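Predicted model only: the values in this text are computed from it and were never measured. A note on names: the letters A, B, ... follow the listed sequences, proteins ahead of strands, and every chain is numbered from 1.
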Number of protein chains: 2
Amino acid sequence: MELDERKREILYAIIENYQETGEPVGSRTISKLEKLKFSPATIRNEMADLEEMGLIVQPHTSAGRIPTDKGYRLYVDKMLAEQAKEPEKARDLPALPMQDLLSRRIDRVEEMLMKMAQILAANTNYTTMVTGPHSRKSKLKFLQLSPMDKGRILAVVVLSGDIVKNNILNLDEEIENSELMELNFILNKRLTGLSLEEINLSVIADLKNEAGTHMEVVSKVLDAVAETFSKEDSYPVYTSGAPNIFRYPELTGGDRASELISTLEEKKELGSAIGSLTSENGSKQDIQVYIGDEVPVDSMKDCSVVTATYSLGDGVQGKIGIIGPKRMNYQKVVETLKETMSHLDGIFLKTEE
Amino acid sequence: MELDERKREILYAIIENYQETGEPVGSRTISKLEKLKFSPATIRNEMADLEEMGLIVQPHTSAGRIPTDKGYRLYVDKMLAEQAKEPEKARDLPALPMQDLLSRRIDRVEEMLMKMAQILAANTNYTTMVTGPHSRKSKLKFLQLSPMDKGRILAVVVLSGDIVKNNILNLDEEIENSELMELNFILNKRLTGLSLEEINLSVIADLKNEAGTHMEVVSKVLDAVAETFSKEDSYPVYTSGAPNIFRYPELTGGDRASELISTLEEKKELGSAIGSLTSENGSKQDIQVYIGDEVPVDSMKDCSVVTATYSLGDGVQGKIGIIGPKRMNYQKVVETLKETMSHLDGIFLKTEE
DNA sequence: TGTTAGCACTCTAACCGAATGAGTGCTAAC
DNA sequence: GTTAGCACTCATTCGGTTAGAGTGCTAACA
C-alpha cells in the first residue's frame with residue numbers, strides 16, 4: 001500500500017486534531033477542513049487504508065480514529081526532517097522567561113537546572129525532568145580541608161564541571177590547624193587532575209607515606225572523594241510539573257496516575273533509565289523523541305518523552321526530558337527545547353570565559 | 001448532653017472501624033463488637049445523641065456514621081493524654097530500619113533527613129514532609145575561599161548547625177593566591193560568630209578598609225553570605241511518599257489528588273505554612289496534631305497532619321510532618337514519630353560529642 | 001476510476017425505572 | 001433502660017431503552 005500525499009495529509013490532520021481534543025476523530029471532522037474538502041465517505045475510504053497500514057486505529061468499532069505509535073513516529077520524523085532543513089525559522093514562540101536565569105548570578109548549576117525544569121514545565125504544561133551534570137571522565141579539580149570543631153573537619157571536593165560536594169568528617173584523633181593545612185597541600189598536589197580510576201593503590205600508598213601520622217584523615221578524605229565520584233555516577237534527577245499529567249485523562253485513568261507519580265518520585269530508576277539513553281545519531285542539536293513503547297520506563301508506555309542533552313564543557317553533560325501524553329505537541333516541545341538549549345549554551349559559554 | 005462512658009466507647013469504635021474500612025459504619029457493625037454487646041437499636045439511640053453533639057455525621061440519610069473533625073479531636077486528645085501518662089509503653093511496633101542511618105557516616109544532614117522522610121513514608125503509608133534545619137539566630141561558623149579558575153573562586157559558607165553552602169563567584173578582577181588566603185583570614189577574623197543582623201554597616205566598612213584593593217571580592221563574598229543566611233530563612237522542604245495519597249479514595253476524588261500533588265511539589269508554600277506552626281504547648285515531645293480544617297493549607301483541608309520538631313542543638317531545628325487522610329492511624333503515627341525523634345536525638349547527640 | 005450519497009449496522013454513553021439492601025428513626029412492648 | 005418490629009429513605013446496581021456518533025458497504029454518478 002502506497003502512502004500518497006493525500007493519505008499523509010489526512011494522517012496529519014487526524015494527529016493534530018487529536019492533539020487538541022483528545023477525542024477520536026471521525027471522517028466528518030476531517031472533511032470539514034479547508035485542505036481536505038472531500039466527502040466523509042471518501043475520507044473514510046482513505047482512513048480504512050491508513051488503518052490497514054497500521055498508522056491509525058479505532059478504539060472501538062463505531063468510534064473515530066486515533067494515531068498509533070507508528071503514526072506518530074511518521075509524523076515526528078517528518079517534522080524533525082523539515083526543521084533540520086529550515087534551520088532558523090524564528091517561529092514566534094512566546095519567549096521563555098529565561099532572562100531571570102541569565103541575570104541572576106549562578107552560583108550553583110543544579111539550582112539553575114531545577115529552575116529551568118520549572119520554567120519548562122510551566123511553559124509546556126508537561127512534566128519535565130533534568131538529570132544533574134555528569135561525566136564518566138570527571139576529574140578532581142581540587143579539594144579543600146577546613147577545621148570545624150574539635151575532631152571534625154569540612155572537606156570540600158570539587159570535580160571538573162564545577163561539581164562541588166561538602167563532606168563533614170568526624171575524626172578520632174585531633175589535628176592541628178597547621179598540620180591540616182599541610183595535609184591539604186599534600187593531598188592537592190597528589191590528587192589534583194586525577195580521575196577516579198587514576199587514584200590507584202600506588203598513589204594512595206605514596207600519599208599515606210607522605211602524610212605520616214595522619215593516615216586516618218587521609219583515608220577518610222579519600223573515602224569522601226570516592227563517594228563524591230560515585231555519587232556523580234548515580235545521576236541525580238530533578239523533576240517538575242508532575243501534576244501536569246492530570247491534564248491528560250488518558251494518563252490518569254485507573255492506577256496510571258499513581259504509577260506515574262511514583263516513578264517520578266523514585267528518581268533513581270528514572271535517572272539511570274533516561275541517563276543511559278545514548279544519542280544514536282550524532283546530530284548537533286541532539287534532540288531525541290521516544291514515543292509510547294519506545295520509552296524505556298514501563299510506567300511510561302502511554303507517554304512520549306523528548307530529551308535533549310546539555311553540555312557544560314569538559315565532557316560534563318546531562319539530559320533534559322519532557323514527558324507528556326503521546327498526543328503531546330511535538331512541534332512546540334522540540335522548538336522549546338531547542339531554544340532552551342541555546343539559552344543554556346549562552347549561559348555556560350559566558351561562565352566559561 | 002452528657003458524654004458518658006458508653007457513648008465514648010461507641011465513638012471510639014466508630015472511629016477505629018472507619019479507620020480500617022473507610023466506609024461509614026452502621027449500628028449493626030458496632031453491636032457485634034465484644035465490648036458493646038447491645039442491640040443495634042440501642043446503639044442507634046446513642047449514635048443519634050453523638051450526632052446531636054456534633055461528633056459524628058451521616059453522609060446521607062440511610063448511611064452509617066463517620067466521625068467529624070470534632071470527633072477525631074476528642075479521640076486524639078484522649079489518646080495523647082493517655083500516652084503522656086504511661087511514658088514508655090514499649091509497644092511492639094515493627095522497628096524502623098533506622099540502623100542504616102545510624103551506621104552510615106552522616107556527612108550531610110539534609111541527605112539523612114530525606115532518607116528519613118522516605119523511611120517514614122514507606123512505614124506509615126502516608127506522605128511525609130521534612131523542613132530542613134533552620135534557625136532564626138544562626139551564626140556564621142566560618143567561611144573558606146578557594147581559588148578555582150582564572151577569575152573564579154569558591155566560597156564555602158558554614159553556619160552553626162553544620163549548614164554548609166557552596167557559592168561559585170565570578171570576579172571581574174583576578175586575585176593572587178596569597179592575597180586570597182589573606183582575605184580569607186581577614187574575613188574570618190571579622191565575621192566568625194556573627195549573625196546576619198550583627199553584620200552591619202560598620203563591620204562591613206571595617207572590612208572594606210582592611211581589604212584594601214579587593215573590595216569587589218569582599219562585597220561578593222558578603223552577598224554570598226547574605227544569600228546563605230536568607231536561604232536559610234526560606235525553609236527548604238523535602239517530601240516523600242506523595243503517591244501514598246492514592247491509597248485513600250477520599251483524598252483522590254475529583255481534582256483533589258491533583259491539588260494535593262501540586263501542593264507537595266510547590267514546597268515553598270508548604271514549608272512556610274508548616275514551618276511557621278508554633279508549638280503552642282511546650283510539651284517535651286512536641287508533637288502536634290492538626291485535623292481537617294485545622295491544617296493551615298487550603299488543599300489539605302481533607303487531611304490531617306501530625307508534626308514533630310527535631311532539634312540539632314544550638315537553636316537549629318526543623319519539622320517533620322506526616323500527612324494523611326483524617327482517618328489516619330493517629331496512634332501509630334504519633335508513636336512512630338516519637339520513636340523517630342528519639343533515634344534522631346541519638347544520632348545528633350553522637351555527632352555532637 | 002475516483003468520488004459521493006445512502007443506508008444498514010455497531011457500539012458507547014446517557015438515561016430510566018425497578019429491585020436490592022444497608023441503615024435509620026420511631027413506637028410499643030419487655 | 002433496653003429491645004423487637006416496622007415503615008421509611010436513600011445509594012447502588014442492573015437490565016433495558018434510546019440517541020448519537022461513526023463506520024463499512026453498495027450502488028450510482030461524473
### Task
For A:Asn45 and C:dT4, give me the distance from atom CG to atom P, rounded to whole Å.
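It works out to 10 Å between those atoms.
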### Message
Tell me the interatomic distance from B:Ile66, atom CD1, to D:dA11, atom P, rounded to whole angstroms.
### Response
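B:Ile66 atom CD1 is separated from D:dA11 atom P by 14 Å.
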### Task
Give me the residues of residues 11-43 of chain A where at least one heavy atom lies under 4.0 Å from an atom of DNA chain D, by number, or none.
A:Gly26, A:Ser27
### Query
Tell me, which of residues 48-64 of chain B have any heavy atom that sits under 4.0 Å from an atom in DNA chain D?
B:His60, B:Thr61, B:Ser62
### Task
Both distances under 3.5 Å, Watson-Crick or G-U wobble: report the partner of C:dA29, or none.
D:dT2
### Message
Suppose we define a pair by two distances each less than 3.5 Å, Watson-Crick or G-U wobble; what does D:dA11 pair with here?
### Response
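Answer to the pairing question: C:dT20, which forms a Watson-Crick or G-U pair with D:dA11.
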[X] side, atom [atom1]; [Y] side, atom [atom2] - distance, nearest 0.5 Å:
X	Y	atom1	atom2	result
A:Thr307	A:Tyr290	OG1	OH	4.5 Å
A:Gln19	A:Lys332	CD	NZ	11.5 Å
B:Arg256	B:Met300	CZ	CE	14.0 Å
B:Ile10	B:Arg65	CD1	CZ	11.0 Å
B:Glu266	A:Gln118	CD	CD	8.0 Å

### Task
Quick one: sort the A:Phe246 and B:Phe246 rings into parallel, tilted or perpendicular, breaks at 30° and 60°.
parallel
### Task
I would like to know whether A:Thr42 and A:Ser39 meet side chain to side chain contact (heavy atoms under 4.5 Å, CB included); could you show each step before the answer?
CA-CA 5 Å; A:Thr42 310; A:Ser39 81; 3.2 Å; yes
#### Entry: OP1 or OP2 of D:dG22 under 4.0 Å from side-chain N/O of A:Arg65
no
### Message
I want to check one thing: is the phosphate of D:dA4, taken as OP1 and OP2, less than 4.0 Å away from some side-chain N or O of B:Arg44?
### Response
no
### Flag if over 12 foreign heavy atoms under 6.0 Å of CZ, B:Arg6
yes
